[in-house]
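As C-alpha cells, the structure follows; a few thoughts come after it.
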Amino acid sequence: MNNDFRYVMQDMTNVYIGAKYTYDEIMNVDEVPFKLKVILSHYMLKEVAGNTTLENHIFYMKPDDMSYMVYKRMKARFKLNVFKEDGHGKGKPGYIQKEYKIQDIVEGPEAAMLHEKMNQIFVEEMHITKLGLLSVSI
C-alpha cells in the first residue's frame, strides 16, 4: 500500500508518474527521464520543498508561478478522481475519473470547483508527452 501510486511508466511518446511521489523521490528514481529531473531541479524545486508531492503541488500553484508555466509548456495532464454528487449520471454520488490539463486545475473554468473539493479529490498520476518535455529548455 505504501507504494500505491508511486510508479514511473513510459511508452514511445509519453511519461506517466504516480502522483504520490515527492519531488525528492522522483529525483532518485532511475526510470525518470534525465531531462525531466533537470527541469524539476531547475524550476520546481526552487518553488517548493522536496518533500512536496505532485498531488499537493498542483492545488497550490498560481498562474504566475514558474512551475505552473513549465508544466503548462510540457502540456502536463493529471488524472483525477473527483467526487461528484451525481457521480454516474443516475443520481448516485461517486467518483468520476478524468484527465485534466494543468491549466484546467490552476485557472480554468473548473479550477474553483476543483480547489473547493481538493480534499475529496484523489490524484492518481501526472502524464506528460516526451515532445512536451523536449519543448522546455534550460
Side-chain angles (χ1 to χ4, degrees):
M1 179 93 177
N2 195 21
N3 286 324
D4 288 351
F5 302 102
R6 289 174 189 232
Y7 57 85
V8 177
M9 295 187 304
Q10 295 187 56
D11 59 27
M12 292 297 287
T13 59
N14 300 287
V15 178
Y16 306 91
I17 299 178
K20 298 297 182 186
Y21 268 132
T22 65
Y23 284 107
D24 284 343
E25 290 170 333
I26 292 170
M27 298 302 285
N28 292 315
V29 176
D30 292 337
E31 291 81 15
V32 174
F34 180 76
K35 172 96 181 209
L36 181 57
K37 288 181 181 183
V38 170
I39 292 168
L40 295 178
S41 68
H42 190 76
Y43 295 111
M44 293 5 164
L45 289 172
K46 290 183 179 174
E47 290 186 351
V48 297
N51 64 353
T52 303
T53 63
L54 294 172
E55 177 180 43
N56 288 333
H57 188 197
I58 63 173
F59 289 113
Y60 293 99
M61 282 184 199
K62 295 179 178 58
D64 59 342
D65 288 350
M66 182 57 74
S67 55
Y68 169 66
M69 290 183 241
V70 171
Y71 274 131
K72 188 174 166 182
R73 177 77 180 199
M74 288 192 300
K75 296 179 177 29
R77 296 173 160 271
F78 291 84
K79 189 184 295 183
L80 308 181
N81 290 291
V82 181
F83 186 79
K84 302 262 182 155
E85 296 300 326
D86 184 20
H88 300 285
K90 298 178 179 154
K92 296 180 183 177
Y95 282 89
I96 303 294
Q97 186 179 78
K98 182 178 173 187
E99 196 171 76
Y100 290 88
K101 295 177 185 176
I102 190 65
Q103 300 94 298
D104 297 333
I105 297 168
V106 175
E107 61 181 341
E110 293 183 80
M113 179 276 295
L114 292 172
H115 286 92
E116 182 179 305
K117 292 185 172 193
M118 70 183 210
N119 293 329
Q120 297 174 315
I121 294 175
F122 180 75
V123 184
E124 278 189 40
E125 72 183 14
M126 175 177 70
H127 167 206
I128 55 174
T129 65
K130 290 182 178 178
L131 188 59
L133 187 60
L134 292 173
S135 72
V136 178
S137 59
I138 305 295

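Side-chain heavy atoms closer than 4.5 Å link hydrophobic residues (I, L, V, M, F, W, Y) into clusters, and following such links, even through other members, never connects L80 to F5. In this structure, V32 is a member of the same hydrophobic cluster as V15, with clusters built from ILVMFWY side-chain heavy atoms closer than 4.5 Å. Put simply, I96 and V123 are part of two different groups of oily side chains (I, L, V, M, F, W, Y) that touch within less than 4.5 Å, one to the next. In terms of hydrophobic clustering, with Ile, Leu, Val, Met, Phe, Trp and Tyr side chains grouped at heavy-atom distances under 4.5 Å, M9 and F34 are assigned to different clusters.
Nearest heavy atom pair, residue A111 against residue I105, reads CB-O, 3.4 Å. In this structure, V136 and M74 approach most closely via the heavy-atom pair CG2-CG, 3.4 Å. Among all heavy-atom pairs drawn from K62 and Y68, the shortest one is O-CB, 3.5 Å. Across every non-hydrogen atom of A49 and Y23, the tightest pair is O-CD1, 4.4 Å. The two residues Y21 and I17 have their closest heavy-atom pair at CD1-CG2, 3.7 Å. Between K130 and M12, the shortest heavy-atom contact is CD-O, 3.6 Å.
Judged purely by atom type and a 3.5 angstrom limit, E107 has no side-chain atom pairing as donor or acceptor with the backbone of P63. Counting only distance, with no hydrogens or angles, the side chain of S135 and the backbone of R73 share a donor-acceptor pair below 3.5 Å. Judged by distance alone, with hydrogens and angles left aside, the side-chain atoms of H42 form no donor-acceptor pair with the main-chain N or O of V38 at under 3.5 Å. Side chain of K37 to backbone of V29: a donor-acceptor contact under 3.5 angstrom is found.
Within a 6.0 Å sphere centred on OH of Y60, other residues, nucleotides and ligands contribute 12 heavy atoms or fewer. Within a 6.0 Å sphere centred on CD of E116, heavy atoms belonging to other residues, nucleotides or ligands number 12 at most. Surrounding NZ of K101 are at most 12 heavy atoms belonging to other residues, nucleotides or ligands under 6.0 Å away. For M66, the CE atom is loosely surrounded, since the number of other residues' heavy atoms within 6.0 Å does not exceed 12. Dense packing is recorded around CG of L134, with more than 12 heavy atoms of other residues, nucleotides or ligands lying under 6.0 Å away.
Between the CG atom in N81 and the CZ atom in F122 there is a gap of 6.5 Å [rounded to 0.5 Å]. From I102, atom CD1 reaches atom CE of M69 across 12.5 Å, with rounding to the nearest 0.5 Å. Summarising the geometry, atom CG belonging to L36 is positioned 7.5 Å from atom CE belonging to M44; distances are rounded to the nearest 0.5 Å.
For the pair I26/L54, a side-chain contact is recorded, criterion being any heavy-atom separation below 4.5 Å from C-beta on. Considering only heavy atoms from C-beta on, M27 comes within 4.5 Å of L45 through its side chain. Residues F59 and H115 have side chains in contact (heavy-atom distance under 4.5 Å, counting atoms from C-beta outward). I58 has its side chain out of reach of Y100: every pair of non-hydrogen atoms, C-beta onward, lies at least 4.5 Å apart. Residues P33 and L133 meet the side-chain proximity criterion, which asks for heavy atoms closer than 4.5 Å.
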I138 vs I39, side-chain contact (heavy atoms from CB on, under 4.5 Å): CA-CA, chis, key distance, verdict: CA-CA 7 Å; I138 305 295; I39 292 168; 3.7 Å; yes
Trace of the side-chain contact (heavy atoms from CB on, under 4.5 Å) decision for Y71 with Q103: CA-CA 9 Å; Y71 274 131; Q103 300 94 298; over 6 Å; no
side-chain contact (heavy atoms from CB on, under 4.5 Å) between K98 and E110, intermediate numbers included: CA-CA 12 Å; K98 182 178 173 187; E110 293 183 80; 3.2 Å; yes
Derivation and outcome, side-chain contact (heavy atoms from CB on, under 4.5 Å), residues T13 and T129: CA-CA 6 Å; T13 59; T129 65; 5.8 Å; no
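Within the structure, every pair that satisfies the salt bridge (Lys or Arg N to Asp or Glu O under 4.0 Å) test and touches residues 8-35, not counting sequence neighbours, is listed here: R6-E25, K20-E55.
Ring planes of H127 and Y16: parallel class, angle under 30° (limits at 30 and 60°).
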